Amino acid sequence: MPDVAVIGFAQAPNVRETPGTTNGVEMLVPLLAEAYQQTGLSKRDIGFWCSGSSDYVAGRAFSFIAAVDALGAFPPIHESHVEMDAAWAFYEAWLKIRMGEVDTALVYGFGKSSAGQLRRVLALQLDPYFTAPLWPDSISIAALQARCGLDAGLWSEKDLAEVAARSRADAAGNPFAQFSGSAGVAELLDTPMVADPLRRHDIAPVTDGAAVVVLAAEDRARDLVERPAVITGIEHRVDSPELGGRDLTRSPSTAAAGRAAGAEGVEVAELHAPFTHQELILRRELGLGAGVRINPSGGVLTGNPMFAAGLARIGEAAKRILAGTARRTLAHATSGPALQQNLVAVLERRD
Amino acid sequence: MNIGFDYTRSVGPVLGRFVNGLAARRIEGVRGSDGRVHVPPVEYDPHTAEALTEFVEVGDEGTVQSWTWMAEPLDGQPLTRAFAWALIRLDGADTAMLHAVDVPGPERMRTGMRVKVRWADETVGHIRDIAYFRPVETEDADDGPTSPPPPVAEREEGAPVGVVITPVHLKYRHSASPEESRYLRGLAQGKLLGQRCPVCHKVYLPPRGACPTDGVPTTDEVELPDTGIITTFCVVNVPFLGQRIKPPYVTAYILIDGADIAFLHLILGCDAADVRMGMRVRASWRPREEWTTSLENIAHFEPTGKPDAPYESFAHHL
């Protein structure tokens, strides 16, 4: 089975609201052009296409079908879709190449979160019998998780603010970030609660955006780019949907995925943590020590396009290998409430 | 745009036992393979995937495991005044239940506090039969009537609940693309405006965000006539929810002269049995004063009486 590498990554600016449609076409057309330009491939060279998006975010049925226009899908193409973050579409594309069915694939994710009331829409990810009918919003669910860790002494509000401050400072170097800043920890702790114990800086902003990643079998990848980011491990796992039956301060699915993917020894980790305390959970579960550079892009606390943000973490982790600034990086993506589902990919430069 | 749908779900033997218990103001969990009692119950053990069948009645008082403050409640939540969300472990249970706690402010909440169920005035067999929780020390507080019971599927008087209904209502703001906007403004002036793909030169009506062959935005505006042909059609004989015309009637794909893509519209002005593939039709516009930015400005299409288009001329549009 061939190894698979990331050879291209493009993302739309992370913005509070785009004027475009919920089918993502306007955001995707320029990103696809950029991905072709990076890899020297054209639409005819792509063996498999896969996307991640959500009808609930778009507010219309089969919303991913309209996005296919951006690909130029006639004559018919080999295409698939997941109703999850596009990191899971990436996993499907990785499998297609591993199985030898194709040797290139293009993965994209998009979401216009601003079209609806996102934190209410996300309540519909919850158990539909006893939890979703109460409409607990995604921020409240995360706040319950954050307090569990505060009460257990696993983190303090200051720890959370430190995550936010570092993310904002790093985002200054990322032209795609929704916002950045140099606020100090004390200043952040002086702001009011949004969902006690979470403050504004603890919560990823509502963001519209899209991302595209191009994959190729390793041999093909070497012909196309100088330093392909070879995927040496990728795994996704899920925890029970029973929120009140889990220890919310832990994420066993992340730990299991990290072990299977080979998380040790990475220099950089791009973690998909839409809330500050979730970064702390992920770092612990992945065994990431003080020497690992976390979210140099600023992470999703500075721009969280639903259904594209996890894929963008893979893109950001790959970008450092493609650019020659790192040799071994980790990407993490999450989907569902309170870190329920988690994917870990480890990328490496091979000489 | 407001989108609503009443999801109906059958509850099965385990979840069904729980909701029917709620109707009787009784809370039952299920014992897992490790001996832990899950409340609300789960059908299968989260660790072994074993089917769970041993029911255990638990108390209606419990302990707050975690909480947060909902200062401005959202549509559909248990209380319309500010309240706390909490994970509550009921006495006798080993897992926590998510629900609302009614207290005046966040300063009244703390992890470890004792709370008790406030039952809905009318219980129907739904999670909302628990209206909310309140601190045990305010057990006898008079806080007014609870909100009306949620809808539960119709059932025989006295029969157990087998189905629960969850209404889902969401609001969205949809924006039209630049191409669609020009098309919609054209309709308000009685014009059919298509857009041409700069690569393959095909004309799309309505225009699209990108040409499905070339993946580039359509650009050049093309004004099209209101005549065309029927490429294919369907005689609707079946009544359905939301139907606006009495069956039988004909819906057809209409290919406007000069366009390369057909759209769906209504055919009137002839017997349904006379509608044919290739039939030439013309738009029947509503009175000018009723025009809006909508294809509804065209009430329907009707036959022109001119000779049919030969099959070969539209076969590639099918």
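Below, all heavy atoms of this structure are taken into account, side chains as well, without hydrogens, waters or symmetry copies. Each chain gets a letter, A, B and so on, in the order the sequences are listed, and its residues count up from 1. Source: prediction; values computed, not measured.
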### Task
Sort out for me which of Ala33(A), Ala66(A), Ala58(A) touches chain B most, counting heavy-atom pairs under 4.5 Å.
Ala58(A)
### Task
Count the heavy-atom pairs under 4.5 Å between each of Pro30(A), Pro197(A), Gly20(A) and chain B, then report the option with the highest count.
Gly20(A)
### Query
What is the minimum heavy-atom distance between Trp119(B) and Leu22(B), and which atoms define it?
CZ3-O, 3.7 Å
### Query
Where do Ser113(A) and Met306(A) come nearest, in terms of heavy atoms and distance?
OG-CG, 3.2 Å
Could you tell me which portion of [X] (side chain, backbone, both or neither) has an atom closer than 4.5 angstrom to a non-hydrogen atom of chain A?
X	result
Arg36(B)	side chain
Leu87(B)	both
Pro167(B)	backbone
Met70(B)	side chain
Pro106(B)	side chain
Glu180(B)	side chain
Arg173(B)	both
Ala176(B)	backbone
Pro78(B)	both
Ala84(B)	neither
Ser10(B)	backbone

### Message
Around atom NZ of Lys43(A), are there more than 12 heavy atoms from other residues, nucleotides or ligands closer than 6.0 Å?
### Response
yes
Distance-only donor-acceptor pairs under 3.5 Å for side chains of residues 198-216 of chain B, two or more places apart:
from      : atom 1 : to       : atom 2 : distance (Å)
Arg208(B) : NE     : Asp69(A) : OD2    : 2.6
Arg208(B) : NH2    : Asp69(A) : OD1    : 3.2
Arg208(B) : NH2    : Asp69(A) : OD2    : 2.9

### Query
Do side-chain atoms of Gln77(B) reach the backbone of Leu74(B) as a donor and acceptor pair under 3.5 angstrom?
yes
Options [options], ranked by heavy-atom pairs under 4.5 Å with chain A, top entry:
options	answer
Arg128(B), Met109(B), Glu72(B), Arg89(B)	Arg128(B)
Pro40(B), Pro46(B), Gly112(B)	Pro40(B)
Asp75(B), Ile130(B), Leu98(B)	Asp75(B)
Ile3(B), Leu15(B), Val11(B)	Leu15(B)
Pro73(B), Gly76(B), Gly32(B)	Gly76(B)

If we only count heavy atoms from C-beta on, is the [X] to [Y] side-chain gap below 4.5 Å?
X	Y	result
Val64(B)	Arg110(B)	no
Thr22(A)	His174(B)	yes
Leu170(B)	Met1(B)	no
Leu198(A)	Met193(A)	no
Cys50(A)	Glu79(A)	no
Tyr7(B)	Ile165(B)	no
Asp102(B)	Leu79(B)	yes

Modelled atom types, side-chain donor and acceptor of [X] and [Y], under 3.5 Å:
X	Y	answer
Asn14(A)	Thr207(A)	no
Ser63(A)	Asn23(A)	no
Thr123(B)	Asp129(B)	no
Asp196(A)	Thr68(B)	no

### Query
Any salt bridge between Asp94(B) and Arg31(B), counting N to O under 4.0 Å?
no
### Task
Please look at Thr21(A) and chain B and tell me whether the side chain, the backbone, both or neither of the residue comes under 4.5 angstrom of a heavy atom of that chain.
both
## Note on the structure
residues 115-135 of chain A vs chain B, non-hydrogen distance cutoff under 4.5 Å, contacting residues -> Ala115(A), Gly116(A), Gln117(A), Arg119(A), Arg120(A), Val121(A), Leu124(A), Pro128(A), Tyr129(A), Phe130(A), Thr131(A), Pro133(A), Leu134(A), Trp135(A)
### Query
When only heavy atoms count and the cut-off is under 4.5 Å, which of residues 136-154 of chain A reach chain B?
Pro136(A), Asp137(A), Ser140(A), Ile141(A), Ala143(A), Leu144(A), Arg147(A), Cys148(A), Asp151(A)
### Message
Tell me whether the rings of Phe64(A) and Phe62(A) are parallel (<30°), tilted (30 to 60°) or perpendicular (>60°).
### Response
tilted
### Pairs where residues 65-105 of chain B contributes a residue and the test ring-ring contact (aromatic ring centres under 6.0 Å, His included) is met, not counting sequence neighbours
Phe83(B)-Trp85(B), His99(B)-Phe133(B)
